[in-house]
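Worth knowing before you read on, the calculation uses all heavy atoms, side chains too, and leaves out hydrogens, waters and symmetry mates.
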Amino acid sequence: MLLDKVISTRKLIEQVKIEEDRLSKYEDYREFSQKLVDQSSAYYEFINAIKSLEATYPEEFMKPDMSKVIEKINELLETFENDPKQNKINYLTKEIDNFNTEWHEKWTKFASSKSQDVIRGLSSIKQVAGLDTDINDIIHWLEVLTNKWPISERNLQQFTRYLIRAREKLTNINASPEVQKFLDSVANNKATINDVTPEIIRWLNENNFSSNLKITYK
């Protein structure tokens, strides 16, 4: 009788240990799985950004070589059931983060090259155009979208539309090189009475900007 109880107790202890091991392993899997979910949701937007840039600007943005990342993902899938190791996730995170940073910099550089001239032109016009919410809106969104990452297809469409609006604004005011030089001087607070030539006065009148011109002393 006593022996039977001892045997039963030992079996119970062994079973409890097995269940504890299972629970511990389950917790490892659960934690590991959650980290995968957290990482994948963040990288989903990054992958979509790459696809959108490739589709919109195929000549400027070539598909990156992600063979190393794919290789590590395959290794992870092969060993996941038996050995879900955090270091493999860390490696993937590092590799994808490198791509993410590289493409973020590419987009910002590209967007800046497309928008900086029109932003500078519109900023100069603001000085003589007075309150123009349309110009402010265009400048604001071009700057926001230039620095936005990850960038979506919708964002790229917005960026293109604001660029078009900016160029239309600059075309409509018909600023000659002399006028643009004057606008730059105004924007930098360096314009003098000598800069207000007959051509500048004519341009101000044609665009209804003459009432915004003020002459002050230093």
Side-chain angles (χ1 to χ4, degrees), residues 41-42 44-62 100-218:
S41 61
Y44 177 78
E45 293 182 347
F46 163 58
I47 297 300
N48 278 342
I50 290 180
K51 290 180 179 178
S52 297
L53 287 170
E54 286 179 307
T56 308
Y57 304 106
E59 295 181 1
E60 287 81 6
F61 294 92
M62 306 292 290
N100 190 41
T101 300
E102 178 185 349
W103 277 69
H104 184 184
E105 292 174 352
K106 280 184 178 181
W107 162 247
T108 301
K109 183 178 179 180
F110 173 78
S112 295
S113 70
K114 292 289 185 181
S115 63
Q116 62 184 359
D117 285 343
V118 294
I119 288 176
R120 183 165 56 247
L122 291 177
S123 296
S124 298
I125 295 170
K126 277 176 57 179
Q127 303 296 318
V128 296
L131 180 61
D132 190 325
T133 55
D134 195 33
I135 289 179
N136 290 335
D137 187 56
I138 293 171
I139 293 174
H140 168 75
W141 283 108
L142 283 176
E143 291 175 341
V144 167
L145 293 168
T146 294
N147 293 291
K148 183 172 178 56
W149 189 260
I151 196 85
S152 68
E153 183 178 355
R154 179 172 174 271
N155 296 147
L156 292 176
Q157 292 170 352
Q158 290 175 316
F159 183 75
T160 300
R161 285 199 299 270
Y162 282 112
L163 274 181
I164 293 173
R165 285 175 59 186
R167 288 165 182 158
E168 287 175 348
K169 277 279 185 184
L170 293 172
T171 300
N172 290 339
I173 65 168
N174 193 27
S176 66
E178 183 175 342
V179 170
Q180 188 58 58
K181 182 180 179 181
F182 169 73
L183 292 175
D184 290 340
S185 295
V186 171
N188 293 314
N189 293 319
K190 293 182 178 180
T192 69
I193 191 67
N194 294 325
D195 294 315
V196 187
T197 64
E199 181 177 344
I200 299 301
I201 294 174
R202 184 172 58 253
W203 178 83
L204 290 170
N205 288 329
E206 287 174 353
N207 289 278
N208 298 316
F209 294 155
S210 56
S211 61
N212 297 325
L213 184 64
K214 293 182 180 181
I215 298 176
T216 61
Y217 292 97
K218 291 183 179 180

So Glu178 and Thr197, side-chain hydrogen bond (donor to acceptor under 3.5 Å, both in side chains) or not? Walk me through it.
CA-CA 9 Å; Glu178 183 175 342; Thr197 64; 2.5 Å; yes

Between the side chain of Asn155 and the main-chain N/O of Ser152, is any donor-acceptor distance below 3.5 Å?
yes

Rounded distance (nearest 0.5 Å) linking atom CG of Asn207 with atom CZ of Arg202
11.5 Å

Residue pair Asp137, Arg165: steps toward the side chain to side chain contact (heavy atoms under 4.5 Å, CB included) verdict
CA-CA 10 Å; Asp137 187 56; Arg165 285 175 59 186; 3.8 Å; yes

Out of curiosity, Glu105 CD to Asn100 CG, how far, rounded to the nearest 0.5 Å?
10.0 Å

Within a strict 4.5 Å, meaning less than it, do heavy atoms of the Leu170 and Ile125 side chains meet?
yes

Count the heavy atoms belonging to other residues, nucleotides or ligands that lie under 6.0 Å from CH2 of Trp141, then report whether that count exceeds 12.
no

Closest non-hydrogen atom pair between Leu145 and Trp107, with its separation:
O-NE1, 3.1 Å

Which is it for Lys114 and Phe159 under the side chain to side chain contact (heavy atoms under 4.5 Å, CB included) test, yes or no, and what are the steps along the way?
CA-CA 10 Å; Lys114 292 289 185 181; Phe159 183 75; 4.2 Å; yes

Over all atoms of both residues, closest heavy-atom pair of Ser115 and Leu163
CA-CD2, 4.0 Å

Do Asp195 and Lys181 meet the salt-bridge criterion of a basic N to acidic O distance under 4.0 Å?
no

Is there a side-chain contact between Val118 and Tyr162 in this structure, where contact means two heavy atoms from C-beta onward sitting under 4.5 Å apart?
no

For Phe110, enumerate each residue passing the ring-ring contact (aromatic ring centres under 6.0 Å, His included) test, keeping only those at least two apart in sequence or located in another chain.
Tyr57, Phe61

List the atom of Val179, the atom of Ile200, and the distance in Å for their closest heavy-atom pair.
CA-CD1, 3.7 Å

Minimum heavy-atom distance Pro150-Ala49, with the two atoms named
CB-CB, 4.0 Å

Nearest-0.5 Å distance, OG of residue Ser52 to CD of residue Glu54:
9.5 Å

Residue set satisfying side chain to side chain donor-acceptor pair (under 3.5 Å) with Thr108, at least two apart, ordered chain then number -> none

What's the spacing between Glu45 CD and Ile151 CD1 if we round to 0.5 Å?
11.5 Å

How long is the gap from CG on Asn48 to CD on Glu153, to the nearest 0.5 Å?
9.5 Å

Could you tell me the separation between the CG atom of Leu142 and the CG atom of Leu122, rounded to the nearest 0.5 Å?
8.0 Å

Do the side chains of Trp149 and Trp103 get nearer than 4.5 Å, heavy atoms only?
yes

Exam field: side chain Asn172 to backbone Glu168, donor-acceptor pair closer than 3.5 Å
yes

If the test is side chain to side chain contact (heavy atoms under 4.5 Å, CB included), which one of Lys109, Glu102, His104 qualifies with Lys106?
Glu102

